[in-house]
Protein chains: 2
Amino acid sequence: MRKGEETRTRILDVAEAAVLQKGFGGTSIEELIAETGITKSGFFYHFRDKNELAKALLNRYIENDERIYDEIFSRARELTGDPLQSFLLGLKLLSELLSDLPNGHPGCLVATVCYYERLFDREIQETNRNAVLAWRRRFGLMLREIMAVYPPREPVDVDQLADMVSSVLEGGIVLSKTLKEPNTLAEQVLMLRTFVKMLFLPVVEMPRVSGGSAFHGSAEPH
Amino acid sequence: MRKGEETRTRILDVAEAAVLQKGFGGTSIEELIAETGITKSGFFYHFRDKNELAKALLNRYIENDERIYDEIFSRARELTGDPLQSFLLGLKLLSELLSDLPNGHPGCLVATVCYYERLFDREIQETNRNAVLAWRRRFGLMLREIMAVYPPREPVDVDQLADMVSSVLEGGIVLSKTLKEPNTLAEQVLMLRTFVKMLFLPVVEMPRVSGGSAFHGSAEPH
DNA sequence: CCCCTCCTGTACCGGCGGTACAGTTTTCAG
DNA sequence: CTGAAAACTGTACCGCCGGTACAGGAGGGG
């Protein structure tokens, strides 16, 4: 039946917004059913308990998150064949997407769950862990492609560099939310972009005669 | 009286550990008094309500946090006069301190409060905001000193770069906790160190004849 | 000795998560 | 159109928790 799915989605929508603002412990089921316009029995028809709500919420969030990254980086990939340029472009697109959010980033459920670990069962913690590992794999894959072509200026561990992307995003969200400066997150992503650019793009020798900024679309493979 | 302060501190200790594991909403006063060995009345003698507990908790956490950064970076400052080298050394010391934590970083209360905004009054949100701004000021000050001597290889905004330190720390904590990899946080700090090093340290021309890694303790002032 | 700090004990309130279960409406397949 | 399953509503109840109120007690310092 489709009506059920629709109600379920509405509950999840309301719950997600509430949880990102007040945490799981701060979000009451009563308030969710009030805003959704459903009864308590109706709520428990869809979710056995709060833990199952959290599970559904987190899974949906992660899926959506993955979808967004897929879109952004595949779009970037279409625009340029070079792995470094497409990664840099992806970060640019990501920062634009983030700065286009009208009220800033609402918060990351992965971080919320992280700061709530003891309230949930192992399954949900494992889901969360896998989400972060998926980020590591995703960015790690792209970075390995880059490193196959561009030797990094400094020796770096690929996984650690991949984690840096996640770190800056998660940290940027915290900063942005706390400071109430929606743009901080986007700026942090661009700062990360500068880092990646500096790490892989060969040193541009100051041109002696001809001006203009040299744009290296390709460089010597190693 | 000193006995009162002692009990208060004990409550705060227990509360801090609990809040970092379960969030504010997930931490019950009853569990705090059980673990502290105090009665409910005793608890409410020290704190009017949960909000005031949160306020005391956050203030104490921030003070301690500031103290740690003061120590680390003043120690680094004593060891070298160069602003860049002392900053890089500070990050090194910080990463060592973080990797020495036996069970990994327990979590940042600033982030916890950030993901709980709506549950607290404006005062506590303002306190949180100011804590992040203090970080920005602290790291910004050091970075400005660096930039007065070392021209950055890429144009960067000082405040954004200062925020990068906070971002990586906050994000690293989330990753470390979620992955249950205590060392990830320390690695992220070192990765940030690489970024700063690369940004400010002049390009090392590959030595044609003599080997060994050239370590630039000083460079030309701009 | 008294007062102030630092609690304990008891009783109570309302909100919330959760359970149980009976009954009703909606939806869709046959 | 029908019937059964899906998608709810309504009601009653439990125990935990945050919070309030207030009386009283131990213990130390002036």
Side-chain angles (χ1 to χ4, degrees), chain A residues 1-58 60 112-113 115-121 123-124, chain B residues 1-58 60 112-113 115-121 123-124:
Chain A
M1 309 273 160
R2 227 185 38 257
K3 180 85 182 306
E5 275 306 306
E6 193 193 299
T7 306
R8 208 183 128 96
T9 302
R10 223 167 64 243
I11 296 174
L12 287 174
D13 287 341
V14 172
E16 185 170 318
V19 166
L20 287 175
Q21 285 186 341
K22 293 172 293 189
F24 280 100
T27 302
S28 74
I29 292 179
E30 313 243 342
E31 109 189 55
L32 295 182
I33 66 179
E35 200 165 336
T36 321
I38 209 178
T39 61
K40 209 175 195 178
S41 316
F43 175 88
F44 284 106
Y45 171 76
H46 288 285
F47 305 98
R48 208 180 310 126
D49 52 23
K50 229 183 175 184
N51 198 47
E52 201 171 287
L53 172 69
K55 217 174 285 181
L57 221 47
L58 183 61
R60 196 181 72 144
T112 305
V113 169
Y115 274 104
Y116 254 96
E117 37 170 343
R118 296 272 173 228
L119 276 186
F120 300 119
D121 56 24
E123 186 188 339
I124 206 166
Chain B
M1 306 275 161
R2 227 183 39 255
K3 181 85 182 304
E5 275 306 306
E6 194 192 298
T7 306
R8 208 183 127 97
T9 302
R10 222 167 63 243
I11 296 173
L12 287 175
D13 287 342
V14 171
E16 185 169 316
V19 166
L20 287 175
Q21 284 188 343
K22 294 172 292 191
F24 280 100
T27 302
S28 73
I29 292 178
E30 313 243 340
E31 111 188 53
L32 296 182
I33 67 179
E35 200 165 337
T36 322
I38 209 179
T39 61
K40 207 176 198 179
S41 317
F43 175 88
F44 283 107
Y45 171 77
H46 288 287
F47 306 98
R48 209 179 308 128
D49 52 23
K50 229 182 176 184
N51 199 44
E52 201 171 286
L53 172 69
K55 217 175 283 182
L57 220 47
L58 183 62
R60 197 182 72 144
T112 306
V113 169
Y115 275 104
Y116 253 97
E117 38 170 344
R118 295 271 174 231
L119 239 53
F120 300 119
D121 55 25
E123 187 188 338
I124 206 166

- What's the OH-C1' distance between Y45(B) and dT8(C), to the nearest Å? 13 Å

- Name all residues meeting the side-chain hydrogen bond (donor to acceptor under 3.5 Å, both in side chains) criterion together with K22(A); count only those two or more places apart in sequence or in a different chain, and write none if there are none. E31(A)

- Item | CD/Q21(B): more than 12 non-hydrogen atoms of other groups inside 6.0 Å | yes

N/O-N/O pairs, protein side and nucleotides 18-24 of chain D side, under 3.5 Å:
{"from": "dG18(D)", "atom 1": "OP1", "to": "T27(B)", "atom 2": "O", "distance (Å)": "3.3"}
{"from": "dG18(D)", "atom 1": "OP1", "to": "I29(B)", "atom 2": "N", "distance (Å)": "2.9"}
{"from": "dG18(D)", "atom 1": "OP2", "to": "I29(B)", "atom 2": "N", "distance (Å)": "2.7"}
{"from": "dG18(D)", "atom 1": "OP2", "to": "E30(B)", "atom 2": "N", "distance (Å)": "3.3"}
{"from": "dG18(D)", "atom 1": "N7", "to": "K40(B)", "atom 2": "NZ", "distance (Å)": "3.1"}
{"from": "dG19(D)", "atom 1": "OP2", "to": "K50(B)", "atom 2": "N", "distance (Å)": "3.1"}
{"from": "dG19(D)", "atom 1": "N7", "to": "K40(B)", "atom 2": "NZ", "distance (Å)": "3.2"}
{"from": "dG19(D)", "atom 1": "O6", "to": "K40(B)", "atom 2": "NZ", "distance (Å)": "3.1"}

- Does E52(B) have any side-chain contact (heavy atoms from CB on, under 4.5 Å) partners at least two apart in sequence or in another chain, and if so, which? R48(B), D49(B)

- Query: Could you give the CD1-to-P distance, from I38(A) to dG10(D), as a whole number of Å?
  - Reply: 12 Å

- Message: The criterion is side-chain contact (heavy atoms from CB on, under 4.5 Å); which residues satisfy it with R60(B), sequence neighbours excluded?
- Response: T9(B), L12(B), D13(B), E16(B)

- Task: Send over the distance from F47(A) CZ to dC8(D) P, rounded to a whole Å.
- Result: 11 Å

- Query: Residues in side-chain contact (heavy atoms from CB on, under 4.5 Å) with D121(B), at least two apart?
  - Reply: N51(B), K55(B), E123(B), I124(B)

- Message: Is H46(B) close enough to dC7(C) that one of its side-chain N or O atoms is under 4.0 Å from OP1 or OP2 there?
- Response: yes

- Listed partners of Y45(A) passing side-chain contact (heavy atoms from CB on, under 4.5 Å), at least two apart: none

